[in-house]
Amino acid sequence: QVQLVESGGGLVQAGDSLRLSCAASGRISSNYAWGWFRQAAGKEREIVGSISWNGHMIYYADAVKDRFIISSDNTKNTVYLQMNSLKPEDTAVYFCAISVGSGYYTRAPSYDFWGQGTRVTVSS
């Protein structure tokens, strides 16, 4: 079993930056992919981005490309989501997830373990 804990959410103004962290503990395999998802009120959960275990493959959703940066530190079993130039439409609960396997994954069903989420609110 793997446990994921997100942190770093909060209330910010449009144009601000925020950095989310997600730390994993438990039985983590050697190859896995990290994913960040978000879910706004009344909407379905959507992919934000994903990074392969070695960091060589990274995917960003079009809505966050050029504004968000995903990075990972395997020595700490932690993934980060640096969010810049935040917009009100970025307001959502952000979730991190782990998928056992190589590469990166964009669909929620591909992920095996999920964090509890951290809320990000961007005011205009």
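Quantities reported herein were computed from a predicted structural model and do not represent experimental measurements.
- Once rounded to the nearest 0.5 Å, the distance linking CG of Asn31 with OG of Ser99 reads 11.0 Å.
- In plain terms, the two heavy atoms of Arg38 and Tyr94 that are nearest each other are NH1-OH, 3.0 Å.
- When side chains are defined from C-beta on, Met83 counts as touching Leu20, because their heavy atoms get closer than 4.5 Å.
- Contact record, Ser124 with Pro88: CB-CG, 3.8 Å, taken as the closest heavy-atom pair.
- Heavy-atom minimum distance, Ile51 versus Ser71: CD1-CA, 4.1 Å.
- A distance-only check finds no donor-acceptor pair linking the side chain of Tyr80 to the backbone of Ile69 [under 3.5 Å].
- Residues Val2 and Val79 are members of one and the same hydrophobic cluster, defined by side-chain heavy-atom contacts under 4.5 angstrom among Ile, Leu, Val, Met, Phe, Trp and Tyr.
- Sorted by first and then second residue, the side-chain hydrogen bond (donor to acceptor under 3.5 Å, both in side chains) pairs involving residues 9-24 (not counting sequence neighbours) are Ser17-Asn84.
- By the criterion of side-chain heavy atoms lying less than 4.5 angstrom apart, applied directly or through intervening Ile, Leu, Val, Met, Phe, Trp or Tyr residues, Val122 is grouped together with Tyr60 in one hydrophobic cluster.
- No donor-acceptor pair closer than 3.5 Å links the side chain of Thr118 to the backbone N or O of Ser7.
- You'll find the ring centres of Trp36 and Phe68 outside the 6.0 Å limit.
- No chain of hydrophobic side-chain contacts below 4.5 Å, direct or via other Ile, Leu, Val, Met, Phe, Trp or Tyr residues, connects Tyr111 to Trp53.
- At a threshold of 4.0 Å, the pair Asp62-Lys65 counts as salt-bridged, since one of the basic side-chain nitrogens sits closer than that to a carboxylate oxygen.
- The OG1 atom of Thr106 sits 12.0 Å away from the CD atom of Glu46 when rounded to the nearest 0.5 Å.
- Between Tyr104 and Tyr59, the ring planes are parallel. Angles under 30° get that label, and only those over 60° would be called perpendicular.
- Looking at every heavy atom in both residues, Arg67 comes nearest to Asp90 through NH1-OD2, 2.8 Å.
- Side-chain atoms of Gln1 do not come within 3.5 Å of backbone N or O of Arg27 as any donor-acceptor pair.
- Atom CH2 of Trp34 sits about 12.5 Å away from atom OG of Ser52, to the nearest 0.5 Å.
- Rounding to the nearest 0.5 Å gives a distance of 6.5 Å between OG of Ser50 and CD1 of Ile70.
- The minimum heavy-atom distance between Leu18 and Gly10, with the atom names listed, is CD2-N, 3.9 Å.
- The line from CG of Leu81 to SG of Cys22 is 10.5 Å long, rounded to the nearest 0.5 Å.
- Residues Gly9 and Val120 come closest through the heavy atom pair CA-CG2, 4.1 Å.
- Of the inter-residue distances, the one linking Thr78 atom OG1 with Leu4 atom CG reads 10.0 Å to the nearest 0.5 angstrom.
- Linking ILVMFWY side-chain heavy atoms closer than 4.5 Å, directly or via other members, places Ile58 and Phe95 in two distinct hydrophobic clusters.
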